[in-house]
Amino acid sequence: MNYQVIIPAAGQGKRMKAGKNKQFIELNETPIIIHTLKVFEEHTQCSGIILVINEAEKADFQYLIEKFRIQKVLQFVLGGTERQYSVYNGLKAVKDDELVLVHDGARPFVTQKRIENLVEKAVDTGAAILAVPVKDTIKKVEEGIVSETVERSTLWSVQTPQAFQIKLLLEAHDKARSEGYLGTDDASLLERVGRPVSIVTGDYTNIKITTPEDLYIAEAILKRNEEKK
Ligand SMILES: Nc1ccn([C@@H]2O[C@H](COP(=O)(O)OP(=O)(O)OP(=O)(O)O)[C@@H](O)[C@H]2O)c(=O)n1
Ligand SMILES: C[C@](O)(CO)[C@H](O)COP(=O)(O)O
């Protein structure tokens, strides 16, 4: 099953403290966003990319996709103040394809194999997300005091891509928008309206590059990937 992918890349990168959008930080002389785009550019099942960007960075993105010959970017769409709004803007640009994926521009290490597993599950169930079992013990804390230790066997660390039958995602976004609800991922918008969301096991290397320490981890992942080739 072919899919279109919305790639939100219109954040500020505040936690990275790089003074610029972290998508432009280079790993092995290639910007993070290009590493991410290449995965989908080279995936035959991907029929098109909707890239969500900051208006002020349009020329920068245009330059990069030409320089690195990313030909599947169908359209630039302007982002919003929140990730959810950026994704919604991207969603409005998706041509009536059956399946849509949403993938963070800041996650350059997703593999085509995991994408294929995800797509297969989403075709079957309507909604599926990549996730990995939590390794640390997670606790709820209120005013500096632990209020609960959450049963670890039930916890998953959720990633992207997240894959959806497009009408389900549109309905969920529209409802969240009308109710002023803001979620940190797209799947939560379906969950809140009672739509089942399936988990597909991902890789611990599918990190979201968020804080400066993640760049060291990213360099190590890239090095390992190069050695595996
Ligand atoms: N208004 C926003 C916020 C985030 N994103 C994108 O959503 C992905 C995940 O968001 P995050 O890692 O939080 O990126 P930033 O918002 O840039 O980071 P920060 O919160 O540290 O500013 C990123 O690719 C980011 O560019 C977006 O398109 N529009
Ligand atoms: C969508 C996501 O990557 C799933 O883990 C995460 O919720 C994005 O959070 P962010 O604060 O917008 O980076």
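Indexing begins at 1, ligand by ligand and atom by atom, following the structure's order. Just so it is clear, the model here is predicted, and its values are computed rather than measured.
- If you check which protein heavy atom lies closest to atom 5 (N) of ligand 1, you get Gly11 N, 3.6 Å.
- Put simply, the side chain of Ser47 gets close to the backbone of Tyr3: a donor and an acceptor are under 3.5 Å apart.
- When each of Thr36, Leu37, Leu130, Val39 is paired with His103, the side chain to side chain contact (heavy atoms under 4.5 Å, CB included) condition holds for Thr36 and for no other.
- The contact set between ligand 2 and Asp185, taken as ligand atoms under 4.0 Å from a residue heavy atom, comprises 1 (C).
- For residues 161-179, the pairs satisfying side chain to side chain donor-acceptor pair (under 3.5 Å) are Tyr88-Asp174, Gln162-Asp185, Glu171-Arg195, His173-Asp186, Lys175-Glu179, Glu179-Arg192, with sequence neighbours left out.
- Atoms of ligand 2 lying under 4.0 Å from any heavy atom of Arg107, numbered from 1 in the order shown and given with element: 2 (C), 3 (O), 4 (C), 5 (O).
- Nearest to atom 4 (C) of ligand 2 by heavy-atom distance, out of Thr210, Ile209, Val158, is Val158.
- With hydrogens left out, the protein atom closest to atom 12 (O) of ligand 1 is Lys22 NZ, 2.8 Å, a heavy atom.
- Within ligand 2, counting atoms from 1 as listed, the ones closer than 4.0 Å to a heavy atom of Arg83 are 1 (C), 12 (O).
- The minimum heavy-atom distance linking Ala93 with Gln75 is given by the pair CB-OE1, 3.6 Å.
- Within 6.0 Å of NZ on Lys121 lie no more than 12 heavy atoms contributed by other residues, nucleotides or ligands.
- Ligand 1 has at least one atom lying under 4.0 Å from a heavy atom of Thr81.
- On a distance-only criterion, Gly80 and ligand 1 share at least one N/O pair closer than 3.5 Å.
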- Query: Checking side-chain contact (heavy atoms from CB on, under 4.5 Å) for the pair Ile32/Leu27: CA distance, chi angles, key distance, verdict?
  - Reply: CA-CA 6 Å; Ile32 288 169; Leu27 300 169; 3.8 Å; yes

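- When non-hydrogen atoms are compared, ligand 1 lies under 4.0 Å from the backbone of Glu82 (N, CA, C, O) but not from its side chain.
- At a heavy-atom cutoff of 4.0 Å, ligand 1 is contacted by both the backbone and the side chain of Ala10.
- Here the protein heavy atom with the shortest distance to atom 3 (O) of ligand 2 is Asp104 OD2, 2.6 Å.
- For atom 22 (O) of ligand 1, the nearest non-hydrogen atom of the protein is Lys14 N, 2.7 Å.
- Considering backbone and side-chain N/O atoms, Lys208 comes within less than 3.5 Å of an N/O atom of ligand 1.
- With rounding to the nearest 0.5 Å, the separation of NE2 in His35 from CD in Glu26 is 8.5 Å.
- Taking only non-hydrogen atoms, the option from Asn54, Asp104, Ile209 nearest to atom 9 (C) of ligand 1 is Asp104.
- Of all the listed residues (Arg83, Gln23, Arg107), Gln23 holds the heavy atom that lies closest to atom 23 (C) of ligand 1.
- The single protein non-hydrogen atom nearest to atom 6 (C) of ligand 2 is Thr184 O, 3.6 Å, given as residue, atom name and distance.
- The proximity of Arg15 to ligand 2, defined as any non-hydrogen pair under 4.0 Å, is limited to the side chain.
- Checked by atom type, the side-chain pair Lys113/Thr111 shows no donor-acceptor distance below 3.5 Å.
- For ligand 2, the polar-atom distance check against Gln159 finds no nitrogen or oxygen pair separated by under 3.5 Å.
- Compare Gly13, Gly79, Ser86, Pro8 by their heavy atoms: the one nearest to atom 6 (C) of ligand 1 is in Pro8.
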- Might you work through the side-chain hydrogen bond (donor to acceptor under 3.5 Å, both in side chains) test for Glu116 and Gln112, ending with a clear yes or no? CA-CA 6 Å; Glu116 285 157 16; Gln112 290 173 2; over 6 Å; no

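- Nearest protein heavy-atom contact of atom 13 (O) of ligand 2 is Lys208 NZ, 2.6 Å.
- Checked by distance only, ligand 2 and Thr160 stay at 3.5 Å or farther apart across all their nitrogen or oxygen atoms.
- The two residues Val77 and Gly90 make their nearest non-hydrogen contact at CG1-N, 3.8 Å.
- Around the CD atom of Glu98, the shell of radius 6.0 Å holds no more than 12 heavy atoms that belong to other residues, nucleotides or ligands.
- Two residues are said to be in side-chain contact when any heavy atoms from C-beta on lie closer than 4.5 Å; Thr160 and Val102 fail this criterion.
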